[in-house]
Amino acid sequence: MSTLEILPGIIANNLFQAIWLLCTVPESKHSRKKTVLIVTCTTIFYTFAALAICTLAFRILPAAVGVFLGYVAGVVIYGIMYCFLVSASHPVKSLFLFTGLFSVHTIIITLVSIMTNTYALGNVTVWVLRAVFNLMVLVPWMLFFRERMFRMYKEIKCNYGIMIAISIMCYFIQTIFWFYNMQNQSRDGFFSVMLVYACSTTIVMYLMIFRHIAQLNHANRMKQLQANEKFLQAQIDSYKKLGENARQTRHDFRHHTMVVMEYAKNKDFQSILSYLAEYDEKERGKYQEIICKNRAADTVLSAYVNRCEQNNIEISTDVWLEETEGISDYDLVTILANILENAVNGCMETEDERKVEISIRSKGSKLVMVCKNTCVSDILFENDLPKNRERDGIGVESILSTAEKYGGVVDFSVSDGIFVCRVVLSNRRKQR
């Protein structure tokens with residue numbers, strides 16, 4: 001086999017890979033135009049690299065080995081590009097999707113290789129079959145599965161090592177079968193059975209992985225709903241208390257008027273002023289202080305201010321927030337409640353000074369939230385995320401997951417016994 005014989009095959013193969021890569025980037029670092037440019041440049045570079053590798057390998061190695069080396073070079077080049085240059089996800093998380101993509105790609109070229117008794121490179125029949133198989137998978141993916149799969153993929157925030165290990169293992173198995181098929185032209189019944197078993201196992205494994213992700217997503221959403229329900233109940237209780245205070249004020253107002261009238265008859269104006277000042281102070285104490293103009297945020301903040309007071313935690317609020325245009329109340333409550341919940345829990349773990357400071361400001365199209373709280377000194381971090389020793393870090397995952405919907409940035413740090421959580425969200429109204 002010469003280099004010229006496989007040149008059309010390499011070009012067509014790289015074209016399919018480029019299309020698949022562009023269709024499987026759920027979290028891109030760049031604009032669509034720049035992403036297409038990066039993938040195109042990588043494809044051109046790999047085409048020349050594959051030609052050079054195959055040309056050198058064919059001179060000293062069997063053809064199958066040369067094709068395999070070119071394939072490995074493609075996996076490395078495209079993998080680096082996908083995980084580090086194009087995808088905005090964590091590189092290890094991106095590797096999960098990349099190996100899944102190449103598992104499908106490898107299954108297709110193995111099937112075509114068996115059907116045509118070739119290396120799946122080089123003639124018209126091969127590329128018609130490869131185009132048909134790719135379209136059979138690509139079209140349903142784009143029409144029915146892409147958005148759903150991407151939503152589930154974005155829910156993977158941490159502890160995804162096992163899922164990625166399974167994905168890599170499935171890809172490794174498919175690669176072994178493809179290379180074995182190239183090395184052995186005789187395909188007995190046992191080989192066919194094992195091939196079907198390997199392909200079926202790969203498909204089932206990925207279905208199980210995404211089912212597991214969907215279950216985690218459902219559990220996380222239920223926890224968020226429960227938290228929001230708690231704050232809704234707190235808001236209802238506060239409204240009930242406001243109503244009771246208003247009724248009491250109306251009932252007692254006649255008595256207070258009588259006292260003021262008596263002072264007025266005696267022209268005791270100083271007593272009137274003192275009495276009205278005392279009356280105003282007591283009435284103010286009946287009603288909850290409004291922390292900010294955003295009703296959803298004010299409900300959460302008020303609930304945690306009360307909780308801090310009950311647990312002897314000093315809390316200060318510096319909140320300048322009105323109604324948000326680009327962030328839903330549900331998501332705002334999810335992030336803010338989890339931030340404050342973690343802050344209160346952090347204070348409860350320390351026996352020294354207990355203090356929480358929360359600052360929320362709008363800066364242009366960005367919403368910036370900074371929460372500081374006293375904490376123990378030996379907080380564990382894993383992948384730059386705080387890890388709780390006693391329970392799952394659902395709160396941290398919820399913050400990350402929700403912030404990601406708004407192109408957010410989340411940062412956690414500890415310094416001198418102070419834990420700091422910073423969240424920056426895009427508060428720009430989404431275009432429809």
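Here, residue 1 is the first one in the sequence, and each next residue gets the next number. Computed from a predicted structure; not experimentally measured.
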(message) Does any part of the side chain of L95, heavy atoms only, come nearer than 4.5 Å to the side chain of P91, both counted from C-beta?
(response) no
(request) Using atom types as modelled and distance alone, determine if a side-chain donor or acceptor of Q17 lies under 3.5 Å from a backbone N or O of F102. (result) no
(message) If the condition is salt bridge (Lys or Arg N to Asp or Glu O under 4.0 Å), which residues does E147 pass it with, not counting sequence neighbours?
(response) none
(request) Taking the side chain as every heavy atom from C-beta outward, state whether N312 and R354 have any atom pair closer than 4.5 Å. (result) no
(request) Apply side chain to side chain contact (heavy atoms under 4.5 Å, CB included) to A264 and list each qualifying residue two or more places apart in sequence or on a separate chain. (result) I272
(request) Name all residues meeting the ring-ring contact (aromatic ring centres under 6.0 Å, His included) criterion together with Y82; count only those two or more places apart in sequence or in a different chain, and write none if there are none. (result) F98
(message) I'd like to know if the side chain of D298 and the backbone of N294 have a donor-acceptor N/O pair within less than 3.5 Å.
(response) no
(request) Identify, with sequence neighbours excluded, every residue that meets side chain to side chain contact (heavy atoms under 4.5 Å, CB included) alongside I166. (result) I162, C170, M205, I209
(request) Using atom types as modelled and distance alone, determine if a side-chain donor or acceptor of T47 lies under 3.5 Å from a backbone N or O of T43. (result) yes
(message) Less than 4.5 Å apart, side chain to side chain, heavy atoms only: is that true for P26 and L97?
(response) yes
(message) Please determine whether side-chain contact (heavy atoms from CB on, under 4.5 Å) holds for the pair R295 and D329, giving the CA-CA distance in whole Å, both sets of side-chain angles, and the decisive distance to 0.1 Å.
(response) CA-CA 9 Å; R295 289 171 292 178; D329 287 346; 5.7 Å; no
(message) Test your reading of the model: is there a side-chain donor-acceptor pair from S316 to the backbone of E357, 3.5 Å cut-off?
(response) no
(message) In the structure I gave you, are the side-chain heavy atoms of L385 and L400 within less than 4.5 Å of one another anywhere?
(response) yes
(request) Kindly write out the residues that satisfy salt bridge (Lys or Arg N to Asp or Glu O under 4.0 Å) with D318, not counting sequence neighbours, or none if the list is empty. (result) R361
(message) I'd like to know if the side chain of T99 reaches the main chain of F96, judged simply by a donor and an acceptor atom lying under 3.5 Å from each other, with no hydrogens or angles considered.
(response) yes
(message) Taking salt bridge (Lys or Arg N to Asp or Glu O under 4.0 Å) as the definition, give me every residue that meets it alongside K372, ordered by chain and number, with sequence neighbours left out.
(response) none
(request) Indicate yes or no for a side-chain donor-acceptor contact from T202 to the backbone of A198 under 3.5 Å, with no hydrogens or angles considered. (result) yes
(message) Which residues pass the ring-ring contact (aromatic ring centres under 6.0 Å, His included) test with F133, not counting sequence neighbours?
(response) none
(message) Going by side-chain hydrogen bond (donor to acceptor under 3.5 Å, both in side chains), name the pairs with one or both residues in residues 407-416, residues two or more places apart or in two chains.
(response) D411-R422
(message) With a 3.5 Å distance limit and no angle check, can you tell me whether T402 reaches the backbone of I335 through a side-chain donor-acceptor pair?
(response) no
(message) Given 3.5 Å as the limit, does a donor-acceptor pair link the side chain of T334 with the main chain of Y330, or not?
(response) yes
(request) Show your working on side-chain contact (heavy atoms from CB on, under 4.5 Å) between D352 and T374 and close with a plain yes or no. (result) CA-CA 8 Å; D352 299 326; T374 53; over 6 Å; no
(request) Verify the neighbour count for atom CD of E322: are there more than 12 heavy atoms of other residues, nucleotides or ligands below 6.0 Å? (result) no
(request) List for me each residue that meets ring-ring contact (aromatic ring centres under 6.0 Å, His included) alongside Y206, sequence neighbours excluded, and say none if there are none. (result) none
(request) With side-chain contact (heavy atoms from CB on, under 4.5 Å) as the test, would you mind laying out the steps for I360 and V368 before giving the verdict? (result) CA-CA 6 Å; I360 305 177; V368 182; over 6 Å; no
(message) Give me each pair satisfying salt bridge (charged side-chain N to carboxylate O under 4.0 Å, His left out) with a member in residues 209-219, each pair once, sequence neighbours excluded.
(response) none
(message) Parallel, tilted or perpendicular, judged at 30° and 60°: which one describes the rings of W127 and F16?
(response) parallel
(message) Please check this pair: side chain of R146 against backbone of C23, looking for a donor-acceptor N/O pair closer than 3.5 Å.
(response) yes
(request) Determine whether the side chains of Y46 and N14 contain a donor N or O and an acceptor N or O closer than 3.5 Å. (result) no
(request) Would you give the length of the straight line joining atom OH of Y78 to atom NE2 of H105, rounded to the nearest 0.5 angstrom? (result) 9.0 Å
(message) Do C347 and E353 have side chains that approach each other closer than 4.5 Å (heavy atoms only, starting at C-beta)?
(response) no
(request) Any chance you could measure E325, atom CD, to S365, atom OG, to the nearest 0.5 Å? (result) 11.0 Å
(message) Please report whether the ring centroid of Y171 lies less than 6.0 Å from that of W178.
(response) no
(message) Whether the side chain of N134 engages the backbone of R130 through a donor-acceptor N/O pair (distance < 3.5 Å, no angle test) should be reported.
(response) yes
(message) Holding to side chain to side chain contact (heavy atoms under 4.5 Å, CB included), I want the full list of residues that pass it with K366, two or more places apart in sequence or in another chain.
(response) V424, S426
(message) With a 4.5 Å cut-off on side-chain heavy atoms, are I399 and V423 touching?
(response) yes
(message) Students often mix this up, so state it plainly: with edges at 30° and 60°, are the rings of F419 and F381 parallel, tilted or perpendicular?
(response) parallel
(request) Count the heavy atoms of every other residue, nucleotide or ligand shown that sit under 6.0 Å from NZ of K29, and state whether that count exceeds 12. (result) yes
(request) Measure the shortest side-chain to side-chain distance between L332 and L321 over non-hydrogen atoms and say whether it is less than 4.5 angstrom. (result) yes
(request) State, yes or no, whether a side-chain contact exists between Y71 and I109 at a heavy-atom distance under 4.5 Å. (result) yes
(request) Please identify each residue that fulfils side-chain hydrogen bond (donor to acceptor under 3.5 Å, both in side chains) with T42, with sequence neighbours left out. (result) none
(request) Indicate whether any N or O donor in one side chain lies under 3.5 Å from an N or O acceptor in the other, for T35 and S28. (result) yes
